[in-house]
Each structure stands twice: as structure tokens, then as C-alpha cells.
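By convention in this document, chain letters (A, B, ...) are assigned in the order of the sequence lines, proteins followed by strands, and residues within each chain are numbered from 1.
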Amino acid sequence: MTATEIRVGGLGGQGVILCASILGKCASIFAGRHATLIQAFGPEARGSACSAQVMISDDPIGYPYVKHPDILVLMSQDAYKQFVPQLKPGGLLLYENELVTLDDRLPAGARTCGIPATRFAEELGRRLVLNIVMTGFFGGTTDLLPLQALEEAVRSTVPKGTEELNLRALRRGYDFGREQQPEATHGPR
Amino acid sequence: MGLGELPLHTSLRSGTPIVLSLLGEAGREGLTQFYSHLPEPDRMVLKDDVTTQGWADRFLQKVGTGEVLSILAWEGPLVIAEGSLYRSLHGWMRHVGEIRVTIAPARRRQGLGLTLTGLLVRIATDFGIEKLVVQTMESQAGTRQTVEKLGFHTEAILPRHVTDLGGHKRDLILMSSDVSQIWASMEAMMQDYHPHSGG
């Protein structure tokens, strides 16, 4: 069984759950694979830590909890502090590099790849699409999910009228991820 | 469909192929010819006198500063329509944009107004504009029907606010669309949850 364990973390209001949800939806509905999503429940709280666990596999998934992720997608320093020690040896850390600073918590052998996703989102016209930039970045760096399937997942998820900007955000992150790949390519693909 | 897809190859309802492209310096001649051939009744409803010398320079200057985004519809070598998004780059109305669309008389009722206006609405939302307005004279029922299809509604009627060619005072109808609602629903999707359980 080739399961990939993923954790997405950040602040409430950054669209952490939406990012994770799109990854899972992409895998299970548009890429013919299996996926599970566990989101952190609780009172809605902007600005506080927030996370979701996603598992993607070619086979049905019996145990959906992520203990030691293969891939961490982090959008805040608090999430980094909380989750980076759990990263699997040799795992891949994808992070918003203007919001997250790497330090000695990073496990030895971990591979890292950063993106100024918030800045890209602002350049596209809306800071709100930061999470979609990160979703595209995930696609571009990991090769785990086809771009076309990611586009379908975004298109079918975001509100009508916002598709175009969201798709551009996805593509921006994806393309940036492809450019970064040479430095961070020895991972769990 | 949006700014990233321009130039866009599409067609009129009749099947005639057209190209929508951003106005730049290369489009100056086509733009000038288009407006110079526009009948006087159509020019009357424009805010600027497009026949004056230097108008194209002033317009292109606004395009250059970003105050105006203009799209030309080309049928072969001829411009058959022009659509503009006006926006304030600073100040208290920087969240508001105004759309103006002009179509050659022979190319009306072929879906071009809807296509151009819809494209400008999407570009405006990409720019972060939250409210769009379109000004029409009471006689421009077709224009109002077109923009109503895109979610615009009558926000205000200014009685006897404009003068037609015959010298008669007519009502100005201000149509608007609160496009921020589109993104409000996206923002609602972004509300996340606290991690303590399930984390």
C-alpha cells in the first residue's frame, strides 16, 4: 500500500481546512485514488492555530490518522513549532517562507521547500487565495496529484465567480513549485 | 475567461469570429477609427468627446496609469466594440469600478455586450474591486437588460439628469452590482477550526 500522509497547518482564516479538503477531493474524486481528511474541530477562531490531516493512497485507507507525516504544509510559525517535530525522517516540509522561519526543530534529513504564498496571493489581487497558492505549490513540488485534477478540484469547490482567480493562484503556486523542484526532489513521491 | 486569457478568440452569435484584446499603443488607430465612425446619437451618450484631437492620447495615458483598462473587440482589422473598466487608484472610491461598453451599431444584439461586460466584471473582481456601476440613459433598455443578466440592479434614478440629442432632459439610471458578495462566500469557506480536538 502506497499511502502518503500529509498534515496542513496554519492559522484560522488562512483556509487550512479548505486547502486540505481540496487535496483530498482532488485525489479521491478527480485522480482515482483514495483519501481521508480529518479536520480539527472546535469553535471557529480566526488567528488561532488550525490543522488538518490528509491521507492519500492507491488502496482503501483503514486508519486515517496522521502521526508522522510524509509531507507537512505549513502556513504559520505556530503550526511549524507544533508540527515540524512530527515530520517523518526524510519527509518534505512545504512552508510559507515569509511567515515561517526554519530552526533546529527541523528533523535531520528533512527536505524543505518554501514559497512566498501570501505575497503571490496579494500580487494576484487577493490575499484570500494564499491557501490555493499553497495547494498549487503542493502539486508542483510533490507530483502526487496531476495539475488537471487539482484544477478540477478547485473549480468544483470554490464559489461561483471566484474560479478564475483561484485557478490562477493554483497555477502560480504550481509553477513556482516546479521551479523549486531541483532543490527538493528526493522525497516521498 | 479573464485578463490572463487575453487575447481571446471567440465569435458573435452570427458565428463571425472576433478577437478580444487589451488596448495598448498598437490599438490606437483601430480605437480612433472605431470612435470616429460612431453615429452622433451614440457619441452623445459618451462622457468624452471622442472626436476631439488628442482624445486618444489622453485615453491611452489613463490606460497607461492603470486608471482605465480597455478591451477592444476586433473583427479582422476593424474594431467593432470597446469596453472599459474605470477605477480610482486611490481615495474613498477605490473599491468602486465603472464599466462602459460601446458597440458598433451593426454588431449589436449579437451577444457582444454581454461577453465584454462579463469579462470586465471578472477582471474587476480579480482587481479586488467590490462594487461596479454602469450608467445608462432611460432609453437604453437593451443595455440594462444585458447588465441585469450579470447581476446588476437599478440603484438610483437621477431625474432629468442628462440631455439627449433633441435637447430633452432624460433620466440617468445608475445600475450597480456588489461583486464583493462573490468573495464574501469565499471568505466564509476560509473560516477554519481550532485544532485541539482531532489534531
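Only the backbone of Leu124(A) comes within contact range of chain B, with heavy atoms under 4.5 Å apart. Looking at Thr157(A), the atoms closer than 4.5 Å to chain B (heavy atoms on both sides) sit in the backbone and in the side chain alike. For a residue to count as touching a neighbouring chain, one of its non-hydrogen atoms must lie under 4.5 Å from one of that chain's; by this rule Leu150(B) does not touch chain A. Only the side chain of Ile132(A) comes within contact range of chain B, judged by heavy atoms closer than 4.5 Å.
In the displayed structure, Arg127(A) atom CZ is contacted under 6.0 Å by at most 12 heavy atoms of other residues, nucleotides or ligands. No more than 12 heavy-atom neighbours from other residues, nucleotides or ligands sit within 6.0 angstrom of CZ on Arg94(B). Within a 6.0 Å sphere centred on CD of Glu98(A), heavy atoms belonging to other residues, nucleotides or ligands number more than 12. Environment of NE2 in His95(B): crowded, with over 12 heavy atoms of neighbouring residues, nucleotides or ligands closer than 6.0 Å. Open room surrounds NE2 on His37(B); 12 or fewer heavy atoms of other groups in view lie less than 6.0 Å from it.
Note on Leu119(B) and Val133(B): separate hydrophobic clusters, where clusters join Ile, Leu, Val, Met, Phe, Trp and Tyr whose side-chain heavy atoms are under 4.5 Å apart, directly or indirectly.
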Trace of the side-chain contact (heavy atoms from CB on, under 4.5 Å) decision for Glu164(A) with Ile123(B) | CA-CA 9 Å; Glu164(A) 186 183 333; Ile123(B) 290 170; 5.7 Å; no
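Per-residue counts of heavy-atom pairs under 4.5 Å with chain B were compared for Leu165(A), Asn131(A), Val129(A); the largest is that of Leu165(A).
A distance of 5.0 Å separates CE in Met186(B) from CG in Leu128(A), rounded to the nearest 0.5 Å.
Leu18(A) approaches Met189(B) most closely through the heavy-atom pair CD1-CE, 3.6 Å.
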